[in-house]
Number of protein chains: 2
Amino acid sequence: MVDLNTPEGHAGAMLRSFPAKNALPSDDGDIGGIDQIVGFHIRLAYGAVYRHFTETFSDLGLTQKQVSVLWLIDDHPGIAQADIGRRLQMDRATVMAIINRLQKRGFVVRGPSPDDRRRQTLKLTDAGHDGLIAARACILEHEQWLKNRFTPGETAMLIELLRRIHE
Amino acid sequence: MVDLNTPEGHAGAMLRSFPAKNALPSDDGDIGGIDQIVGFHIRLAYGAVYRHFTETFSDLGLTQKQVSVLWLIDDHPGIAQADIGRRLQMDRATVMAIINRLQKRGFVVRGPSPDDRRRQTLKLTDAGHDGLIAARACILEHEQWLKNRFTPGETAMLIELLRRIHE
DNA sequence: CGGCATTGTATGCAAAGCAAACATTATTTT
DNA sequence: AAAATAATGTTTGCTTTGCATACAATGCCG
């Protein structure tokens with residue numbers, strides 16, 4: 001699903017829109033080559049996405065990670081925490097914290113695993129299912145906001161390039 | 001600029017390499033359309049970049065934000081916190097926290113502003129300058145790790161697409 | 001002058017990430 | 001079979017970030 005993380009910050013839009021009076025000493029129009037740095041743009045883009053996500057989901061009170069995890073559990077009932085960590089690239093302790101929050105809200109339940117007593121099976125409750133359904137609508141809206149700036153071809157290209165980074 | 005976080009594991013590679021015994025109930029090979037979602041890939045990519053950054057910078061003990069801010073102050077000595085917030089898209093309170101940490105480490109100093117008594121001018125100390133120099137080397141290495149997977153044309157394309165998201 | 005915006009500041013809280021340590025259970029090696 | 005490893009969940013603690021809120025001082029504008 002989607003993601004979520006919390007993050008950080010952004011920089012983009014006002015990079016060169018300074019009022020004259022606040023002009024900086026060495027405001028030569030470039031930020032020291034900072035905008036040739038891919039990592040810089042990834043972070044800003046991530047931050048922008050993060051913020052919009054948070055806004056879109058402020059009513060539901062769900063974070064990116066939480067929605068991601070709900071989605072994953074819905075797709076794979078009985079999945080274990082360790083699997084979630086692997087799929088979403090999160091630490092075991094981090095997954096714990098997220099599951100705990102979701103459990104506290106009554107969205108997921110933990111149960112025993114039939115074949116491996118180390119594992120816990122995770123399932124959505126009815127409330128969790130309802131939450132996810134509501135979340136999916138928000139995700140579509142959020143995704144639309146994001147995709148609006150690209151042609152279908154560009155979207156495919158972007159996904160392909162990003163995939164090379166995380167795969 | 002750059003980023004950091006620390007890492008974890010990666011998930012990408014093992015998305016479909018589950019041992020038979022741990023096969024998930026509905027492991028149909030796709031993650032519920034999740035990988036058609038741009039936001040999902042941005043977050044995973046961000047996480048991967050963040051982790052690599054943190055690794056690369058573990059010796060220096062600097063975070064993405066901290067390096068970004070150092071860089072910005074070095075480029076614009078006398079810049080104010082509010083300006084940093086605007087450029088890097090961070091809340092004033094968040095900038096405060098970052099500057100406080102940098103100041104505590106003796107990397108930056110606050111001073112009065114000649115023309116606006118509400119503002120504080122920020123400057124790097126010698127230690128801060130040295131830290132930034134060391135950081136720049138790490139950034140190059142980190143950036144190289146990132147760019148290795150792309151041709152120059154792809155890199156330019158990626159930056160262009162990402163820019164549309166945060167600008 | 002009076003209202004409004006800007007700036008820095010302080011507090012407090014939530015989410016996430018990580019590390020380190022444990023206990024239990026599985027798996028592999030010897 | 002016994003011993004060493006690995007996997008899993010769990011807890012605790014600490015850090016960084018993000019944001020809301022509130023306040024005081026200062027600047028700007030009508």
Query raised in the report: Taking only side-chain nitrogens and oxygens of A:Thr63, does any of them come within less than 4.0 Å of OP1 or OP2 of C:dA16?
Result: yes

Query raised in the report: Does the side chain of B:Arg101 get closer than 4.0 angstrom to OP1 or OP2 of D:dT15 through an N or O atom?
Result: no

Roughly how many Å is it from [atom1] in [X] to [atom2] in [N], rounded to a whole number?
{"X": "B:Asp91", "N": "C:dT7", "atom1": "CG", "atom2": "P", "answer": "13 Å"}
{"X": "A:Leu88", "N": "C:dG17", "atom1": "CG", "atom2": "P", "answer": "10 Å"}
{"X": "B:Arg86", "N": "C:dT7", "atom1": "CZ", "atom2": "C1'", "answer": "9 Å"}
{"X": "B:Met90", "N": "C:dT7", "atom1": "CE", "atom2": "P", "answer": "15 Å"}
{"X": "A:His52", "N": "D:dC19", "atom1": "NE2", "atom2": "C1'", "answer": "18 Å"}
{"X": "B:Lys104", "N": "D:dT15", "atom1": "NZ", "atom2": "C1'", "answer": "12 Å"}
{"X": "B:Arg117", "N": "C:dG8", "atom1": "CZ", "atom2": "C1'", "answer": "15 Å"}

Query raised in the report: Does a side-chain N-to-carboxylate-O contact under 4.0 Å join A:Glu160 and A:Arg164?
Result: yes

Query raised in the report: Would you say the side-chain atoms of A:Gln81 pair up with the backbone N or O of A:Arg92, donor to acceptor, closer than 3.5 Å?
Result: no

Query raised in the report: Counting only N and O atoms by type, is there a donor-acceptor contact under 3.5 Å from the side chain of B:Thr56 to the main-chain atoms of B:Cys138?
Result: no

**Report entry** Cluster overlap A:Trp145 with A:Leu162, hydrophobic side-chain contacts below 4.5 Å
**Finding:** yes

Requested in this report: Please work out whether the ring planes of A:Phe40 and B:His166 are parallel, tilted or perpendicular, with thresholds of 30° and 60°.
Outcome: perpendicular

**Report entry** B:Met90 side, atom CE; B:Ile84 side, atom CD1 - distance, nearest 0.5 Å
**Finding:** 7.0 Å

Check: protein-nucleotides 9-12 of chain D nitrogen or oxygen pairs below 3.5 Å:
unit_1, atom_1, unit_2, atom_2, d
D:dG9, OP1, A:Gln81, N, 3.3
D:dG9, OP1, A:Gln120, N, 3.3
D:dG9, OP2, A:Ala82, N, 2.6
D:dG9, N7, A:Arg92, NH1, 2.8
D:dG9, O6, A:Arg92, NH1, 3.1
D:dT10, OP1, A:Gln120, NE2, 3.2
D:dT10, OP2, A:Gln81, OE1, 2.9
D:dT10, OP2, A:Arg110, NH1, 2.8

